[in-house]
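These notes concern the structure reproduced below.
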Amino acid sequence: MLSDGKLEKKQSLAEHTTLGSLLNAYRANVTNLEETTQHCVKIHTGHFRRVFGDNFPVRSMDLPALQRYVDARSASKGIRGKPLSATTIKKELGTLGMVWSWALGHQFVDFPLVKKGLRFPKTSDKPPFQTMEDVKRKIVGGGLSDEEISDLWDSVFLTLPEIEEFLQHVRKTALHECLYPMFTFAAHTGSRRSEIRRSKIDDLDFGGKRVFLRERKRVRGRHTLRSVPMSPTLEKALKEWLEIHPGGRETFRLGQNVLKSSKDRTEPVPITDDEAGHHFEQIVLGTKWEMLRGWHVFRHSFCSNCAAGGIDQRMINAWVGHQTDDMVRRYRHLIPTQEHAAIQSVFG
C-alpha cells in the first residue's frame with residue numbers, strides 16, 4: 001500500500017541462502033572442473049558442512065566466522081595424525097573463495113568473502129630433500145617424534161643408482177607391462193602422477209627426443225604444455241612398450257583383467273589414480289622402499305639429482321613446471337660445488 005503496489009527494493013536471494021543450499025547449488029551447476037579439483041572440492045566442502053553446519057546463513061560468513069573455522073581446523077588432525085598445516089587450511093579457504101565467487105555472480109551472495117586479517121597456525125619448514133641413508137641415520141640417532149620421522153620420510157629422494165635398482169625391481173615384479181615404462185617415465189621426467197596418466201602417444205617426440213607434458217593448473221583457464229628431454233633409458237622403455245601397446249591414444253593403459261580395479265573394463269582404458277597408487281604400494285611392499293610415500297618421490301628425486309648434477313635452476317624449473325621458492329630451497333643445498341665456488345670468490 002505504501003509503495004502503490006510496486007516493489008521498491010529487489011529482494012536479494014542471499015537473504016535466505018544457507019551454506020548447505022549454496023554448496024548444493026554449486027555442485028549441481030559447476031560440472032566442468034578437473035577430476036582432481038572436483039575431488040578436492042568434495043573434501044573441502046565436507047569440512048565446511050561439518051564446521052559451520054548446512055543451516056549456517058551465508059549472511060553470517062564474516063571474518064570472525066572464518067577465524068572460528070581456521071581455529072577449528074587447526075585443532076584437527078591430518079594425514080597420519082599430524083596437525084593440519086596452515087597451507088592445508090589456506091587451500092580449503094581457497095576452495096570456499098572459488099565457490100563464493102561463483103555464488104556472487106549468480107546472486108546467491110551479495111558481498112565479497114573477506115579473508116584478510118585471518119590468523120593461521122605457525123608452520124615449520126619441511127626438512128630439505130635427503131637420501132634414504134641420511135634419513136635412516138637420523139632415525140637411528142633417536143630423539144625424534146613420530147611426526148618428525150614422518151616428515152623425514154616425506155623428504156626422501158632416491159639417488160641415481162637407487163632409481164636404477166628400483167626400476168629393475170619394477171621390471172621383474174610388476175603385474176602389468178605398462179608399469180615399468182610408467183615408473184621410468186616418472187623417474188626420468190619428474191612428472192606428476194596426473195600428468196603421466198594424461199600422457200598421450202602423440203606427446204612422445206622420438207625424433208626430437210622430448211616428452212611433452214599436459215598441464216592443467218599452471219595457468220588459470222588454460223591447458224598448457226611443457227617438455228622434458230627424453231633420456232636414452234626412457235626412450236628404450238617407451239619404444240618397447242609401444243610395440244605391445246593395447247591401442248588407444250593414451251600412453252599408459254591397463255587391460256580388462258585388473259585386480260582391485262575401481263573401473264569396470266570392457267576394453268583397455270587409461271590407468272586410474274587409485275590403481276596407480278595401489279600398484280605403487282604393491283611394488284614396494286616388503287622391500288627396502290616400503291617407507292616411500294608414493295609416486296611423488298620420483299619428482300623429488302628428479303629435481304634433487306638435477307640440482308646435485310649442477311643443472312641450472314631455471315632449466316630444472318622449466319622441466320618440472322612451476323616451482324615455489326619454498327620447494328626450490330629444499331633442494332638448493334644439493335649444489336655444493338656452485339656454493340663453494342661462490343663463497344671462495346668472496347673469501348678466497
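Quick note: residue numbers are just sequence positions, from 1.
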Check for a donor-acceptor pair, side chain of [X] on one end and backbone N or O of [Y] on the other, with a separation under 3.5 Å.
| X | Y | answer |
| --- | --- | --- |
| Ser304 | His300 | yes |
| Ser21 | Thr17 | no |
| His245 | Gly247 | yes |
| His44 | His39 | no |
| Glu215 | Leu213 | no |

Q: Might you work through the side-chain hydrogen bond (donor to acceptor under 3.5 Å, both in side chains) test for Tyr180 and Glu240, ending with a clear yes or no?
A: CA-CA 10 Å; Tyr180 171 71; Glu240 290 175 352; over 6 Å; no
How far apart are the closest heavy atoms of [X] and [Y], and which atoms are they?
| X | Y | result |
| --- | --- | --- |
| Phe48 | Leu19 | O-CD2, 3.8 Å |
| Arg330 | Ser155 | NH2-CB, 3.6 Å |
| Phe183 | Val170 | CD1-CG1, 3.8 Å |
| Arg198 | Asp203 | O-OD2, 4.4 Å |
| Ile271 | Met182 | CG2-CE, 3.7 Å |
| Ala276 | Arg193 | CB-CD, 3.7 Å |

Should the pair [X]-[Y] be classified as a salt bridge under the 4.0 Å nitrogen-to-oxygen rule?
| X | Y | value |
| --- | --- | --- |
| Lys200 | Asp202 | no |
| Glu235 | Lys209 | yes |
| Glu281 | Arg293 | no |

Q) Are Trp100 and Tyr26 an aromatic pair by the rule of ring centers under 6.0 Å? A) no
Heavy-atom side-chain proximity of [X] to [Y] below 4.5 angstrom:
| X | Y | answer |
| --- | --- | --- |
| Phe206 | Lys239 | yes |
| Leu158 | Asn305 | no |
| His169 | Val284 | no |
| Phe52 | Met61 | yes |
| Thr87 | Phe120 | no |

Q | Set of salt bridge (Lys or Arg N to Asp or Glu O under 4.0 Å) partners for Lys138, sequence neighbours left out | A | none
Q) Residues two or more places apart in sequence or in another chain: which of them pass salt bridge (Lys or Arg N to Asp or Glu O under 4.0 Å) with Asp205? A) none
Q: Take Ser231 and Thr233 through the test side-chain hydrogen bond (donor to acceptor under 3.5 Å, both in side chains) and record every step on the way to the result.
A: CA-CA 5 Å; Ser231 71; Thr233 299; 4.8 Å; no
Side chains of [Y] and [X]: any donor to acceptor distance under 3.5 Å?
| X | Y | result |
| --- | --- | --- |
| Ser74 | Arg119 | no |
| Glu290 | Thr287 | no |
| Glu275 | Thr272 | yes |

(Q) I'd like to know whether NZ of Lys126 has more than 12 heavy-atom contacts from other residues, nucleotides or ligands below 6.0 angstrom. (A) no
Q | More than 12 heavy atoms of other groups within 6.0 Å of Glu177 CD | A | no
Q: Carefully, step by step, assess Arg73 and His47 under the rule side-chain hydrogen bond (donor to acceptor under 3.5 Å, both in side chains).
A: CA-CA 8 Å; Arg73 294 295 290 146; His47 296 319; 3.2 Å; yes
(Q) Tell me every residue that passes side-chain hydrogen bond (donor to acceptor under 3.5 Å, both in side chains) with Ser199, counting only those two or more places apart in sequence or in another chain. (A) Thr251
